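Just so it is clear, the model here is predicted, and its values are computed rather than measured. Atoms within a ligand are numbered from 1 in the order they appear, just like the ligands themselves.
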Amino acid sequence: MKKKIFFIIINKKRIILTLVLFVVLITVLIGVRAQMKKNTRVWNYHEVIVKKLEGKSDREVQGKVAIIIDDFGNAGDGTKEMVAIQSVLTCAVIPFLPYTNEDAVLAHNRGHEVIIHIPMEPHFGNPKWLGEKGITTNLSTEQVKSIIREAIEKVPYAVGVNNHMGSKATEDRRIITAIVEVLKENDMYIVDSKTSMTSVIREIAEEYEVPVLERAVFLDNEKNIDAIKKQLELLGEIALKDGYAVGIGHVGPEGGVVTAKAIEEMIPVFEKKAIKIVPVSELIKEVF
Ligand SMILES: [Zn+2]
């Protein structure tokens with residue numbers, strides 16, 4: 001009788017032990033899953049950069065702005081004035097133009113970052129605006145890849161890309177996947193100029209673990225110095241709130257000398273507010 005009770009107690013202990021082990025195992029599994037979910041979120045650049053900047057030891061800097069200047073490659077209006085700016089801009093050069101190489105070298109020699117400004121098909125507008133070798137949705141995947149590879153050769157010093165127009169092409173998963181695959185091969189980042197609200201650039205870049213950022217503010221939609229300065233102010237406000245912000249301005253008829261002057265005049269304002277102008281790659285680096 002005593003023996004039997006003893007065994008029952010032992011069995012009870014075993015059952016409790018098994019239950020405890022089971023609960024521990026489930027808890028560990030849930031933890032691992034949560035961690036895995038967390039890891040896949042690393043490529044959500046916006047959140048990661050905001051977090052990184054929050055924990056920065058460099059308390060002097062309250063926010064970082066990257067200013068991309070589009071449409072280099074034409075030796076267009078304001079090219080000289082823009083590259084003379086004493087902050088590091090990110091100069092987006094259109095490939096396959098007469099001054100592509102010259103403008104890229106000029107921007108690099110003046111200490112700016114260079115990226116490729118890829119002409120991409122818009123929903124509306126003249127396809128001629130794309131110029132030579134624009135990315136249109138009727139191209140085959142191989143054709144897209146070969147144009148991007150050629151563009152990388154045409155634009156010296158390029159470390160990333162953004163899109164010129166592209167409201168239609170940036171919504172096309174096949175086209176964006178082809179571009180992102182070539183960027184992955186070449187260790188380059190992509191900035192979505194956000195000409196379409198339903199662009200798939202960010203989603204596909206994150207999938208391929210290609211660094212991706214999105215434009216927050218267009219600087220010179222209205223070509224007027226006060227309007228551009230207001231847009232720059234807005235860019236600064238977003239950077240103070242989020243830690244960083246990406247703005248896009250232009251050389252050529254859309255902005256040119258006026259945009260360069262507005263940036264020049266806003267530099268001391270940014271300095272006062274402890275907002276630092278950095279190249280896009282510096283924002284990207286914050287992640288690693
Ligand atoms: Zn453009």
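Of the N and O atoms on the side chains of D192 and N162, not one donor lies less than 3.5 Å from an acceptor on the other residue. Side chain to side chain, D71 and H164 meet the donor-acceptor criterion of an N or O pair below 3.5 Å.
Remark: R202 engages E206 in a salt bridge, criterion side-chain N to carboxylate O under 4.0 Å.
When distances to the Zn ion (ligand 1) are checked against a cut-off of 2.8 Å, D70 contributes no N, O or S atom below that limit. The Zn ion (ligand 1) has H117 among its coordinating residues (N/O/S atom, backbone or side chain, under 2.8 Å).
Minimum-distance N/O/S atom of D71 relative to the Zn ion (ligand 1): OD1. Its N, O or S atom nearest to the Zn ion (ligand 1) is what matters here, and for H164 that atom is ND1.
Side-chain atoms of K223 come within 3.5 Å of backbone N or O of P253 as a donor-acceptor pair.
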